[in-house]
Amino acid sequence: MMDKEYDPKDIEPKWYDFWLNKKLFHADAQDSGRPSFSIVIPPPNITGVLHMGHALNNTLQDILVRYKRMDGYNTLWMPGTDHAGIATQNVVERHLAEKGTSRHALGREEFIAEVWRWREKHGNIIIGQLKRLGASCDWERLRFTMDEGLSQAVKKVFVTLYNEGLIFRSDYIVNWCPRCHSALSDLEVEHEDENGFLWHIRYPKADGTDGVVVATTRPETMLGDTAVAVNPEDERYAGMIGQEVILPILKRPIKIIADSVVDKEFGTGAVKITPAHDLNDYEMSLRHGLEVIVVIDESGVMNQHAGPYAGMDRFACRHQLEQDLQEQGYLVDKTPYKVPVGKCYRCKTVIEPYLSKQWFVAAKPLAEKAIAAVKEGDTRIIPPQWEKTYYEWMNNIRDWCISRQIWWGHRIPAWFCENCGGVTVSETEPGVCCHCKSDKIRQDTDVLDTWFSSGLWPFSTMGWPEDTPELKRFYPTSVLVTGFDILFFWVARMMMMGIKFMGDVPFKDVYLHALVRDEHGQKMSKSKGNIVDPLIEMERFGADAFRFALTAFAAMGRDVRISEKRVQGYRFFINKIWNAGRFVLSNLGPDFDPDAIARKDLTLGIADKWILTELGRAIAGTRDALDSYRFNDAAETIYHFTWHTFCDWYIELAKPMLEGASAATTRWVLWYVLKNILELAHPIIPFMTEEIWQILPGAKGVSIVVAPYPKTDDGLNFPDEDRGMNILLELISGIRSIRGESNIPPGLELNVILKAEAPEVRQIVQGHMDYVRRLARVKDVSFMAEGQTRPPKTAFAVTADMEIYVPLEGVIDIAKEQERLAKQAKTVKADLEVRLKKLSNKGFLEKADPEVVEEQRQIKAELEFKLERLEKALALLEA
RNA sequence: GGGCGGGUAGCUCAGCGGGAGAGCAUCGGCCUUACAAGCCGAGGGUCACAGGUUCAAACCCUGUUCCGCCUACCA
């Protein structure tokens, strides 16, 4: 029935369909009996296909959601997608270009219809991929930022903020993408240092004499210069302030002004001022009442004010201008210089600072409350080192440019009056101007920044501005799980909007995970060829193995480094559990019924009590790790317990027990531990755990998805047996070590002689000889009588509680054994010296915690014991 | 320029005041009736460098250095 090799191919989709059919992911907003747990998904772009970042992000969310769902919470994971204004528009435009047309050929309305059609066809691809991953979202509640309801929320927020003066329209230098033909927010610009030049250009006086030399990295903007600025305290230029110089080429006279922001040390200490194409210069122009001349148009082409350069691309102009300046003797110097260049985060085109009228959100007042909310602990940021970054940004927040000159998005609900020039802002079509009642009004053609609508996500998805049961039950959400790369883009804005419109923070915790990189820490990129595709990984190794790999590497605050090899490694683990399942199930037999077995009737032996105690530790450890977002610790705990405790030891111990008198108890323990492992691991490994759980006797309920999450059980905690069992395990390990290192043939059964002072140690060993025989392949174990001399030609090992002798006449290589023991003795001796030094230190004895001192004494005693025996054994070998 | 994170076994990383750990890789031995995608055993580290605090430092502090990343209106 169960193959020895686990094959996820058919099993994974089978159970996902099952879960959907049973509506196990659906949250009931009316259910008020249980505490609720809610997460809103970071909505992927409709243009997106699942990449590693999504895979990690959604795996972590799914782990939390599945854990809480099993643990009894009324759990909502709200899914959805983002319309992703510029990104989507670019994709569809490219698509149109392939068909030989363009958005301008189609016109606005037809283009938007085209995007919707595109979205119908491709927009939910990523949803299917999330399902493949196992994401247990409440798909009945799937949202889209351009849905009717969410669009209503956007309008309501815009109008409210406008009426409060927190949204305004203004002339400003914005980051302009000449390719997208749109303004961008500060965050949408990527900064990079590039190799450029610093040009020194002489602006002569009217009479042709020296004038001033200015330094610039962008000579083409000089065509729009309307002043030269110097520091008022710069003696070099003291006499020239207020005088005029002549702009080369265009021969326009411009004034020398004094402004304290000019750095005397930089370049020549004289700055050319281009108000229309530089933010600093623009602000200076406001202070000094300078003329503003636009010389570069919205496509990055020089316009009619650029004189002979009109019609040239800005970079071609720079080139030509340099030549002309040189020929005419104005170019004084040109030196290599690292220039910070801003690029559009969507299309990588070099940004042009551009003067235009845009809509802004006055972020400062909103930010203040968002700062306070974190300060007061209403929202926790995890890991906490991000708090500082959050404060830093929030404290220095600038007005947020929210208008975009594209077509795909939420159109700004503002109408301009052709009659009086007034603006009417309204949630509904106003019909007439609210100032002069003229009907000659037209709606703003701009749309809103994508992040404006995503900023409302935690409450707009729950039906706001309606007063819905969802909001009542699930807002604020429990936690937001996202990458730190969108802390400002998204998290900060949700904080501001949530507090403003809901009067409460949008989430109690923010868990910021790291980015996914390749196994050497390189960013994944197509050109490097190091992309790991989640879909291929899942195809090859299964979603379970893939999820486990991501989780195991998701250490807090660290990059997640992943490679195919690593995913494959965890596939072995999935298979390991599978085989443990096979073993347990095949041994339970057809009549096994856990309900027919009462706890009090169990005859638990030392090994049983030990594994149950270890299970309790694993449960506590996993819960603790998940409760504090230490995902890798949870994975590690489950991995280690399952493989190296349960499989490596207990299953092996169980084999002889299954033939003994307490076989029924052993079967129960095997069943119990396996069931707990499956449930413990289910949040990380949803599919395979379900597959076994469903055929496991006594697994109650429709699915493991809604089975109770394991809890520690005080009735199954046995610290004494836990310690006792360790004596046996050490004994077995000691014998195995001798066998391994002495190259003893595996078939050869050994006779072992033990010396143990403590009667309880002897008792434990004598009482459980079967384990030792079986696991260490021993024929007979005997105890050395008091005063008995050690047998010669023996291999030796020592544990904390006993000495182990293995007579190996004819088999043992004396020289090798000597070498082995000498090496061990050396290690022990070095360790012992550290303890002795410590314990002879007065300061340590006086100041250290008494518990620590006692601990050190015990370690010392143990080491002394070991060393003494090792040395004696060595001496014996030499004799 | 400002900020943050990191430098621990060959590789990738845990550990973050009291015995240097894991996984993978390596080496040796095993088809032991759940699993060779497995089992048993072994080797391997002046915890970047230099100071300091402490009875005690991989861990805390200071400085240096090398790598990432974020941020910025130095023309």
Side-chain angles (χ1 to χ4, degrees), chain A residues 2 4-6 173 186 191 198 214-218 221 229 261-263 265-274 278-284 339-340 353 385-386 388-389 392-393 396 398 484-485 487-488 514-515 517 519-523 552-553 555 557-559 561-563 565-566 568-587 632-633 636 639-640 647-648 651-652 655 733 736-747 774-777 820 831 834-835 837-838 841-849 851-853 855-856 859-860 862-863:
Chain A
M2 289 173 83
K4 72 180 194 176
E5 198 173 309
Y6 174 69
I173 298 276
D186 294 330
H191 295 273
L198 192 60
V214 298
T216 179
T217 56
R218 299 198 56 203
T221 62
V261 305
V262 179
D263 180 358
E265 308 303 320
F266 189 89
T268 60
V271 195
K272 56 188 272 318
I273 301 299
T274 321
D278 184 281
L279 179 58
N280 253 340
D281 295 2
Y282 180 70
E283 284 176 349
M284 207 182 288
V339 198
Q385 57 261 35
W386 285 105
K388 194 171 173 180
T389 313
E392 188 68 18
W393 190 75
N396 297 306
R398 293 163 65 191
F484 61 73
D485 52 326
L487 177 60
F488 308 138
L515 303 181
R517 298 172 179 278
E519 60 182 323
H520 300 295
Q522 299 286 310
K523 224 172 196 164
F553 286 110
R558 290 272 228 169
D559 290 339
R561 300 190 180 188
I562 204 94
S563 71
K565 217 174 65 188
R566 291 175 176 203
Q568 187 183 20
Y570 284 107
R571 197 225 161 136
F572 299 159
F573 176 57
I574 303 298
N575 201 50
K576 186 77 183 176
I577 307 180
W578 176 251
N579 275 293
R582 286 176 61 216
F583 176 82
V584 173
L585 284 165
S586 69
N587 276 290
N632 60 319
D633 284 345
E636 160 72 13
Y639 183 92
H640 188 264
C647 292
D648 286 354
I651 286 185
E652 295 306 319
K655 285 173 184 173
S733 295
R736 279 175 171 177
S737 181
I738 290 173
R739 180 188 283 283
E741 286 185 74
S742 306
N743 285 336
I744 295 166
R774 174 85 174 228
L775 270 63
R777 293 210 155 203
R820 195 177 70 87
D831 203 358
V834 175
R835 311 299 134 204
K837 202 174 153 195
K838 219 172 222 188
N841 183 332
K842 227 191 249 171
F844 174 68
L845 296 172
E846 282 167 10
K847 296 187 185 175
D849 188 330
E851 265 178 47
V852 173
V853 177
E855 193 185 38
Q856 291 297 318
I859 294 167
K860 191 201 86 171
E862 186 186 318
L863 291 170

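On a predicted model such as this, the values are computed, not experimentally measured, just so you know. The chains referred to below are lettered A, B, ... by the order of the sequence lines, with proteins before strands, and numbering in each begins at 1.
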Nearest-angstrom distance, [atom1] atom, [N] to [M]:
N	M	atom1	value
A57(B)	G52(B)	C1'	11 Å
C16(B)	G7(B)	C1'	15 Å
G21(B)	G43(B)	P	12 Å
C66(B)	G29(B)	P	47 Å
C39(B)	C31(B)	P	16 Å
A72(B)	C59(B)	C1'	34 Å
U64(B)	A56(B)	P	26 Å
C40(B)	G6(B)	P	35 Å

Look at all strands and tell whether [X] reaches a base, only sugar-phosphate, or nothing, counting heavy atoms closer than 4.0 Å.
X	result
K655(A)	base
N841(A)	sugar-phosphate
I173(A)	nothing

Taking it one step at a time, do D278(A) and I173(A) satisfy side-chain contact (heavy atoms from CB on, under 4.5 Å)?
CA-CA 7 Å; D278(A) 184 281; I173(A) 298 276; over 6 Å; no
Listing time: all N or O pairs from protein to nucleotides 38-41 of chain B that are below 3.5 Å?
unit_1, atom_1, unit_2, atom_2, d
G38(B), O3', K576(A), NZ, 3.0
C39(B), OP1, K576(A), NZ, 2.8
C39(B), OP1, W643(A), NE1, 2.5
C39(B), OP1, D648(A), OD1, 3.3

Show each protein N/O and nucleotides 57-62 of chain B N/O combination with a separation under 3.5 Å, one pair to a line.
none

Closest non-hydrogen atom pair, [X] against [Y]:
X	Y	result
L845(A)	V853(A)	CD2-CG1, 3.9 Å
N575(A)	Y6(A)	OD1-N, 2.9 Å
R835(A)	D831(A)	NH2-OD1, 2.8 Å
N579(A)	K4(A)	ND2-O, 3.1 Å
Y570(A)	A552(A)	OH-CB, 3.4 Å

Tell me if a side-chain donor or acceptor on R739(A) pairs with a main-chain N or O of R777(A) at a distance below 3.5 Å.
yes
Respond yes when some side-chain nitrogen or oxygen of [X] is under 4.0 Å from OP1 or OP2 of [N], and no when none is.
X	N	answer
R566(A)	U12(B)	no
Q385(A)	G5(B)	no
K388(A)	C4(B)	yes
K4(A)	A36(B)	yes

May I have the step-by-step check of side-chain contact (heavy atoms from CB on, under 4.5 Å) for L775(A) and R736(A), ending in yes or no?
CA-CA 9 Å; L775(A) 270 63; R736(A) 279 175 171 177; 4.0 Å; yes
Watson-Crick and G-U pairing of RNA chain B written in dot-bracket, each distance under 3.5 angstrom, with | for inter-strand partners:
((((((((.[[[[.)..(..]]]].(((((.......))))).....[[[[[..)....]]]]])))))))....
How long is the line joining [atom1] of [X] and [atom2] of [N], in whole Å?
X	N	atom1	atom2	value
W386(A)	G5(B)	CH2	P	9 Å
H640(A)	C24(B)	NE2	C1'	16 Å
F484(A)	U71(B)	CZ	P	10 Å
K565(A)	G23(B)	NZ	C1'	11 Å
I574(A)	C35(B)	CD1	P	18 Å
R582(A)	U33(B)	CZ	C1'	11 Å
N575(A)	A34(B)	CG	P	15 Å
F488(A)	C69(B)	CZ	C1'	12 Å

R571(A) CZ to I574(A) CD1 distance, which is reported to the nearest 0.5 Å
9.5 Å
Can you tell me how far apart CG (D281(A)) and OG1 (T274(A)) are? Round to the nearest 0.5 Å.
5.0 Å
For T217(A), side-chain contact (heavy atoms from CB on, under 4.5 Å) partners two or more places apart:
L198(A), Y337(A), V339(A)
N/O-N/O pairs, protein side and nucleotides 73-75 of chain B side, under 3.5 Å:
unit_1, atom_1, unit_2, atom_2, d
C73(B), OP1, R398(A), NH1, 2.4
C73(B), O2', N280(A), ND2, 2.4
C73(B), O2, N280(A), OD1, 2.4
C73(B), O2, N280(A), ND2, 3.2
A75(B), O2', A215(A), O, 3.2
A75(B), N6, D263(A), O, 2.4
A75(B), N6, F266(A), O, 3.2
A75(B), N1, D263(A), N, 3.1

Return the 5'-most residue of the pair R774(A), K842(A) with respect to RNA chain B, ranking by each residue's nearest nucleotide.
R774(A)
Go through the steps to decide whether E652(A) and D648(A) satisfy the test side-chain contact (heavy atoms from CB on, under 4.5 Å), and finish with yes or no.
CA-CA 7 Å; E652(A) 295 306 319; D648(A) 286 354; over 6 Å; no
Does any non-hydrogen side-chain atom of F844(A) lie less than 4.5 Å from one of V852(A)?
yes
My understanding is that only residues two or more places apart in sequence, or in another chain, count here; which of them pass ring pair (Phe, Tyr, Trp, His ring centres under 6.0 Å) with F583(A)?
none
Using side-chain contact (heavy atoms from CB on, under 4.5 Å), reason through M284(A) and N280(A) one step at a time and then give a plain yes or no.
CA-CA 6 Å; M284(A) 207 182 288; N280(A) 253 340; 5.9 Å; no
